Protein chains: 2
Amino acid sequence: MISNKCKYAIKALVYIAANESDSRAVMTSDIARDQQIPRKFLEIILRELRNNRILESKRGKDGGFRLLRPAEDISLSEVMRIIDGPIAMLPCVSLNYYRSCDECDESTCEIKGVFEQVRDRTLEVLNGQTIKSLTLNC
Amino acid sequence: MISNKCKYAIKALVYIAANESDSRAVMTSDIARDQQIPRKFLEIILRELRNNRILESKRGKDGGFRLLRPAEDISLSEVMRIIDGPIAMLPCVSLNYYRSCDECDESTCEIKGVFEQVRDRTLEVLNGQTIKSLTLNC
DNA sequence: TATATATCCTATCTATTTGATAGTATTTAT
DNA sequence: ATAAATACTATCAAATAGATAGGATATATA
């Protein structure tokens, strides 16, 4: 399962992509209201996405958030990794957060192979979807 | 990520499948030693698998665990669901543990579709693997 | 320059889950 | 009887999830 935080992050990005314009940044409070996300929690999430160069922000009146890059260049897998960390089901098959399992020998591990397959199938979907492609469902 | 508990459960089942025989049940302490799993924690896991009709147990001297069904009839997805619950990434796309997301309307949810795809791709792998097929990696 | 309004930052909190450990009771083969 | 195995109940510490509170800072505009 992905966390609520991650679900909120994805929905917020899709909302921003669908509502931003040159003349308008999208405010936390608008996203929170329309997507039913606790506002203060959402602030933390959006700041984290900004710190990871997914969003840019503008403070003060008429402030808000915009995508820092085109929506078609932000993949779902990238967002999920920022918020929730590894996508793989085992640390030892993670591409971006690899850790060895201290209790088992990877060269003879009976289950590593299956979870590599799961990882690859999962990433085929998640790498192929972007914030742009998700806005088409709006 | 799956939990350590779930990883232990899978490894223990594969170990049992590989080592059981008509004349021999497999003991917790042997699994714990060979697979480097904390023994008392493993006891809890094996009991849970027995309660869910994956294993049968025999108490007392020469006791231990055996698969209740043929290893080829126990899929990886079934084991994972018993120990960790849902395989899907969102509650609202789970086949066995469905829950609605209270904050969003499923008929207009922008992200439900992708996670249905991920679920289906994941299950193609996990339904196709059994305790039997995993023992071939031993 | 005052003001309203937005993000930024730090701290804190509660409940749940994870990953175990301890100790005792019960069953069974010999 | 006894040794050796599972069964059961209770407990615990650390991490994570899912927030909330309050004040600091920046900015558009009257």
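Every chain is numbered from 1, with letters handed out A, B, ... down the list of sequences. As the structure is a computational prediction, the values presented were derived from the model and not from experiment.
Residues passing the ring pair (Phe, Tyr, Trp, His ring centres under 6.0 Å) test with B/F65: none are found, sequence neighbours excluded. Applying the ring pair (Phe, Tyr, Trp, His ring centres under 6.0 Å) test to A/Y97 and every residue at least two apart in sequence or in another chain returns nothing. A search for side chain to side chain donor-acceptor pair (under 3.5 Å) contacts involving A/D120 returns nothing, not counting sequence neighbours. With sequence neighbours excluded, no residue forms a ring pair (Phe, Tyr, Trp, His ring centres under 6.0 Å) with A/F115. By the salt bridge (Lys or Arg N to Asp or Glu O under 4.0 Å) test, A/D30 is found to be paired with A/R24, A/R33, residues two or more places apart in sequence or in another chain being considered. Contacts of A/E106 classified as side chain to side chain donor-acceptor pair (under 3.5 Å), with partners at least two apart in sequence or in another chain: A/Y98, A/K112.
Regarding A/F41, its CZ atom lies at a distance of 18 Å from the P atom of C/dC9, rounded to whole Å. Atom CZ in A/F65 sits about 12 Å away from atom P in C/dA6, given to the nearest Å. A/E56 has its CD atom 14 Å from the C1' atom of C/dT7, to the nearest Å. Summarising the geometry, the separation between CD1 on B/I37 and C1' on C/dA20 is reported as 13 Å, rounded to the nearest angstrom. The CG-P distance, from A/L46 to C/dC8, rounds to 9 Å in whole Å.
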Chi angles and distances behind the salt bridge (Lys or Arg N to Asp or Glu O under 4.0 Å) call for A/K7, B/E103 = CA-CA 11 Å; A/K7 183 174 65 173; B/E103 89 278 6; 2.9 Å; yes
Given A/S75 and A/N127, is the side-chain hydrogen bond (donor to acceptor under 3.5 Å, both in side chains) satisfied, shown in steps?
-> CA-CA 6 Å; A/S75 71; A/N127 286 340; 4.8 Å; no
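Interface limits on DNA chain D: the 5'-most and 3'-most nucleotides within less than 4.0 Å of chain B heavy atoms are D/dA4 to D/dT9.
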Could you write out each protein N or O paired with an N or O of nucleotides 10-18 of chain C at a distance under 3.5 Å?
none

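Counting only heavy atoms from C-beta outward, the side chains of B/Q129 and B/L134 approach each other to under 4.5 Å. The shortest distance between side-chain heavy atoms of B/E110 and A/Q35 falls below 4.5 Å.
Relative to the axis of its first five pairs, the axis of the last five pairs of the helix from C/dT1-D/dA30 to C/dT30-D/dA1 sits at 10°, rounded to 10 degrees.
In this structure a side-chain-to-backbone donor-acceptor pair under 3.5 Å is missing from B/D84 to B/M80.
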5' to 3', nucleotides 23-30 of chain C under a 4.0 Å protein heavy-atom cut-off (B base, S sugar-phosphate only, - none) gives B--BBBSS
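Identified under the salt bridge (Lys or Arg N to Asp or Glu O under 4.0 Å) test for residues 59-69 of chain A, with sequence neighbours left out: A/R69-A/E78.
A salt bridge does not link A/R121 to A/E124: none of the charged side-chain nitrogens sits closer than 4.0 Å to a carboxylate oxygen. With salt bridges taken as basic N to acidic carboxylate O contacts below 4.0 Å, one links B/K5 and B/E48.
Between A/A71 and A/T130, the shortest heavy-atom distance links the atoms O-CB, 3.6 Å.
Interface residues of residues 5-29 of chain B facing DNA chain D, ordered by number: B/M27, B/T28; criterion, heavy-atom separation under 4.0 Å.
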